[in-house]
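Everything on this sheet refers to the single structure shown next.
Just so we're clear, the structure is a prediction, and the values are computed from it rather than from any experiment. Letters A, B, ... mirror the listed sequences (proteins, then strands); counts begin at 1.
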There are 2 protein chains.
Amino acid sequence: MKNPIADLNKIFDSRIRLGVMSLLAVNENVSFNELKEMLALTDGNLASHLNTLEQAQYLNVNKAFVGRKTSTTYSITALGKQSFKMHLDALEKMIRTI
Amino acid sequence: MKNPIADLNKIFDSRIRLGVMSLLAVNENVSFNELKEMLALTDGNLASHLNTLEQAQYLNVNKAFVGRKTSTTYSITALGKQSFKMHLDALEKMIRTI
DNA sequence: TCTATAACTTTGAAAAACAAAGTGCTTTTA
DNA sequence: TAAAAGCACTTTGTTTTTCAAAGTTATAGA
């Protein structure tokens, strides 16, 4: 019997950050509003979770214009991809022992 | 693109409660002190997470004597097993889309 | 010009996490 | 037999996290 949670990443304890990462892992670029709708969050709540992930350097922010309107999209960094993969591996390992 | 976190159980957001459940899923009965050691927690911290899981009726408390010493062990309830399984299924589904 | 939308930031309240110390009971040890 | 130690908590209090709601800035469209 050994510690099953030692390899889990604290940042991904949050269901919401897990959701953001999993959306960004599958879709190259996702906009603020898409994330907001997908995860059914308020602006502020989403913004703060995105901020946490940004601080950790797990994602990039891309500010662009679609036509003349601003559109902010988010994408995963290499570090983010790696950290997320490690977390999922740890989860999978945990699941597999069950 | 659909909400990837809708089926996750809020109670299992916590790494520690996830760890407790995964230990109890594999080992029929685990004592307070084993859990404490495995997960590297203080008494109070473990007790409060166990309490949360007990409130949710995800685990049973068994107070017994080993020789003449008290030993409290914990085991998973049917509801706990089911809820945990659903959570893991949701996680697996999330992982598989990636 | 007025309204709406995007993407935040700020504020503040509520909940959760956690460590540390205290408790009551029993058992072992000096 | 008195003191020390272990078990399984509970209590206390601080720190951290979560979240909603409101405010902000800038642009776009009617």
Round to the nearest Å and state the distance from [X] atom [atom1] to [N] atom [atom2].
X	N	atom1	atom2	answer
Asn62(B)	dA8(D)	CG	P	12 Å
Leu50(A)	dT9(C)	CG	P	10 Å
Asn51(B)	dA8(D)	CG	P	15 Å
Phe12(B)	dA16(C)	CZ	P	15 Å
Asp13(A)	dC19(D)	CG	P	12 Å
Lys36(B)	dA20(C)	NZ	P	13 Å
Leu41(B)	dA8(D)	CG	C1'	14 Å
Ile5(A)	dA17(C)	CD1	P	12 Å

Worksheet item: Does the side chain of Phe32(A) come within less than 4.5 Å of Leu50(A)'s, by heavy atoms?
Response: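 Side chain of Leu50(A) against side chain of Phe32(A), heavy atoms only: contact under 4.5 Å found.
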
Worksheet item: Starting at the 5' end of DNA chain C and moving along, which residue's nearest nucleotide shows up first, Thr42(B) or Asp43(A)?
Response: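 Whichever sits nearer the 5' end wins; that is Asp43(A).
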
Does a nitrogen or oxygen in the side chain of [X] sit under 4.0 Å from OP1 or OP2 of [N]?
X	N	answer
Thr72(B)	dC9(D)	yes
Asn45(A)	dT18(D)	no
Thr70(B)	dC7(D)	no
His49(B)	dA16(C)	no

Worksheet entry | Within 6.0 Å of CD in Glu92(A), more than 12 heavy atoms from elsewhere |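 Yes, enclosed.
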
Worksheet item: When rounded to the nearest 0.5 angstrom, what distance separates CG in Asn33(B) from OG1 in Thr73(B)?
Response: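 Answer rounded to 0.5 Å: 12.0 Å.
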
For [X], report the nucleic acid contact type (base, sugar-phosphate, nothing); a contact means any heavy atom under 4.0 Å.
X	result
Ser31(B)	nothing
Lys63(B)	sugar-phosphate
Ile16(B)	sugar-phosphate
Asn33(A)	sugar-phosphate
Ser48(B)	nothing
Thr52(B)	nothing

Discussion item. Donor-acceptor check, side chain of Asn62(B) to backbone of Tyr74(B), threshold 3.5 angstrom: yes or no?
Written reply: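 Not a single qualifying donor-acceptor pair exists.
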
Discussion item. Please compare Lys10(B) and Tyr74(B) by the position of their nearest nucleotide in DNA chain D and report the one closer to 5'.
Written reply: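 Looking at DNA chain D, the more 5' nearest nucleotide goes with Tyr74(B).
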
Discussion item. Need to verify one output field. Residue with the more 5' nearest nucleotide on DNA chain D, Gly44(A) or Arg17(A)?
Written reply: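 By nearest-heavy-atom nucleotide position, the 5'-most residue is Arg17(A).
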
Worksheet item: The side chain of Arg15(B) lies closest to which of these nucleotides: dC8(C), dA7(C), dC18(C)?
Response: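 Side chain of Arg15(B) sits closest to dC18(C).
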
Discussion item. Which heavy atom of Ser75(A) sits nearest to which heavy atom of Glu28(A), and what is that distance?
Written reply: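 Residues Ser75(A) and Glu28(A), closest heavy atoms: CB-O, 3.3 Å.
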
Fill in: Basic-acidic side-chain contact under 4.0 Å: Lys85(B), Asp89(B)
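The answer is yes: the pair qualifies as a salt bridge.
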
